[in-house]
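Reviewing the structure listed below.
Since we're looking at a predicted model, the values are computed, not measured. Starting from 1, each residue takes its place in the sequence as its number.
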Amino acid sequence: MKELKNVVTVTGELVKNNIEEFQTKKGEDAIGGSLVLRTSDGSEHEINFFAYKFKKDENKNFTSEESYFYKQYSDAKENLKDIEHCSEGEKPAIISITDGSFKVNDFKGNDGRVVSTNKISARFINKIEPKDYDSTVLESKFEVEGVVESIKDEIIKDVPTGNLIVNMMGIGQTADGFGKDAVYTADHLIPIKMTVDKSMAAPFRSAGYYDGCYTKFVGTVINSVETEEQIEKVAFGDDIKHLVKTYVRKNEIKSGTMPTTIFEHELTQEIVDALRAKRKATIAEVASGQSRQEESPFKPDTSTPAPQTTYNPFAQR
């Protein structure tokens, strides 16, 4: 099975350096945390990192040799200056992340229901040279392929906005080997919520996307705060002004490939059913407070014939 696209790229000013050394619950030395990067639209993106301090041998036992990523993150912890630690007139570091990806972030909400969002994780930290600051575009983009679970009109306070909400199931994979020799296996589903702006809703509809189709979307990651001044009229004197903040967090689709079926991507209904069952079990574990259990990945079976082009692998049968 080929490697499926799940790539998030972010280039931005370093707002906060949250990388720290710590011990895991098992007492293993590690380093990790996040870098918060601000793009030109004012969005702030938290990029997550993690690495064990020591390398592992072929038997998965820790050695006494420090790992490559531990050294890289230690250097970032000490030498990447964020806005908070800049002196007057000094610019923060500009960081480029080119290997980010969407990960599942499941947690139990205050009402007891499981909430599923996304976080961005990466491995490599690329520092832009100061001489290139002025010519560097500060932006955040995504390129993700998977199965469209649903397409719905966005409704806020019972009023349609004209935007579309697209829920996609990305497919997380495990890899056996490295580089060109790597063999990928479908392992878990990654729910990703996306938005189509009302200005592009008609072209999106005309492209023929449907619940259950397989496709790839490219777009922009937005995580910003919009401030609006609201005026409260009074009986006498000056009107009261209120500044209302609205937090905007969305993955806005800008383009997409033609819709296809899962069978054109080395997937089968059996694999999708197994991934759905695994996802359902994960949600149940989060809801009950249990730790997530590791399960064996399911290998692709390309023997299943492809059905009609409007086939929906997520439909209840």
side-chain contact (heavy atoms from CB on, under 4.5 Å) between R276 and L189: does it pass, once the steps are laid out? CA-CA 7 Å; R276 285 185 64 193; L189 295 176; 4.2 Å; yes
Determine, step by step, whether K2 and E266 satisfy the salt bridge (charged side-chain N to carboxylate O under 4.0 Å, His left out) criterion, reporting the C-alpha distance in whole Å, the side-chain angles of both residues, the deciding distance to 0.1 Å, and the verdict. CA-CA 8 Å; K2 70 170 185 176; E266 300 180 77; over 6 Å; no
If you apply the rule salt bridge (charged side-chain N to carboxylate O under 4.0 Å, His left out), what do you find for D106 with R279, and how did you get there? CA-CA 11 Å; D106 295 323; R279 177 69 189 149; 2.8 Å; yes
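Without hydrogens or angle criteria, Q173 side chain to L4 main chain gives a donor-acceptor distance under 3.5 Å. Side chain of D197 to backbone of M200: no donor-acceptor contact under 3.5 angstrom is found. Here the side chain of N48 pairs a donor or acceptor atom with the backbone of I120 at under 3.5 angstrom. Counting only distance, with no hydrogens or angles, the side chain of D82 and the backbone of H85 share a donor-acceptor pair below 3.5 Å. Side-chain atoms of S288 come within 3.5 Å of backbone N or O of A284 as a donor-acceptor pair. With hydrogens and angles ignored, the 3.5 Å screen pairs a side-chain donor or acceptor of E264 with a backbone N or O of T261. Within the 3.5 Å criterion, the main-chain N or O of S96 finds a donor-acceptor partner in the side chain of N126. Under a 3.5 Å cut-off, the side chain of Q23 and the backbone N or O of E28 do not form any donor-acceptor pair. In this structure, the side chain of T257 engages the main chain of K216 through a donor-acceptor pair within 3.5 Å. A side-chain donor-acceptor contact under 3.5 Å links S67 to the backbone of Y52.
Follow the hydrophobic side-chain contacts under 4.5 Å out from V196 and you reach I151 in the same cluster. Cluster annotation: F54 is not connected to F49 through the hydrophobic network of ILVMFWY side chains, with a link wherever side-chain heavy atoms come within less than 4.5 Å. Follow the hydrophobic side-chain contacts under 4.5 Å out from I222 and you never reach V7; the two are in separate clusters.
Proximity of V148 to T215: side-chain heavy atoms (C-beta onward) are separated by under 4.5 Å at one or more points. In this structure the side chain of L80 reaches within 4.5 angstrom of the side chain of K127, judged on heavy atoms. Under the 4.5 Å side-chain criterion, counting only non-hydrogen atoms from C-beta, T195 is not in contact with I253. Within the 4.5 Å cutoff, the side chain of D211 has no heavy atoms near those of the C213 side chain. A 4.5 Å side-chain heavy-atom check between T161 and I155 finds every atom pair outside the cut-off. Considering only heavy atoms from C-beta on, I95 comes within 4.5 Å of I125 through its side chain. Within the 4.5 Å cutoff, side-chain heavy atoms of V147 are placed close to those of I262.
Ion pairing of E90 with K81 is present here, as a side-chain N (NZ or NE/NH1/NH2) and a carboxylate O approach within less than 4.0 Å. Remark: E65 engages K55 in a salt bridge, criterion side-chain N to carboxylate O under 4.0 Å. By the 4.0 Å N-to-carboxylate-O rule, R205 lies close enough to D153 to be salt-bridged with it. A salt bridge links R38 to E44: at least one charged side-chain nitrogen sits closer than 4.0 Å to a carboxylate oxygen.
Listed by chain and number, the residues in a salt bridge (charged side-chain N to carboxylate O under 4.0 Å, His left out) with K26 amount to none (sequence neighbours excluded). With sequence neighbours excluded, the residues forming a salt bridge (charged side-chain N to carboxylate O under 4.0 Å, His left out) with K254 are E252, listed by chain and number. In this view, F22 satisfies the ring pair (Phe, Tyr, Trp, His ring centres under 6.0 Å) rule with no residue, not counting sequence neighbours.
Applying the salt bridge (charged side-chain N to carboxylate O under 4.0 Å, His left out) definition to pairs two or more places apart or across chains, none involves residues 111-124. The list of side-chain hydrogen bond (donor to acceptor under 3.5 Å, both in side chains) pairs with a residue in residues 130-142, not counting sequence neighbours, is empty. The ring-ring contact (aromatic ring centres under 6.0 Å, His included) contacts involving residues 187-209 comprise F204-Y209, F204-F217, Y209-F217, where partners must be two or more places apart or lie in separate chains.
Note on ring orientation: taking the six-membered ring where Trp is involved, the planes of Y73 and F69 are tilted (angle from 30° to 60°).
Applying side chain to side chain contact (heavy atoms under 4.5 Å, CB included) to L138 and the options I94, L37, I128 leaves one that passes, I94.
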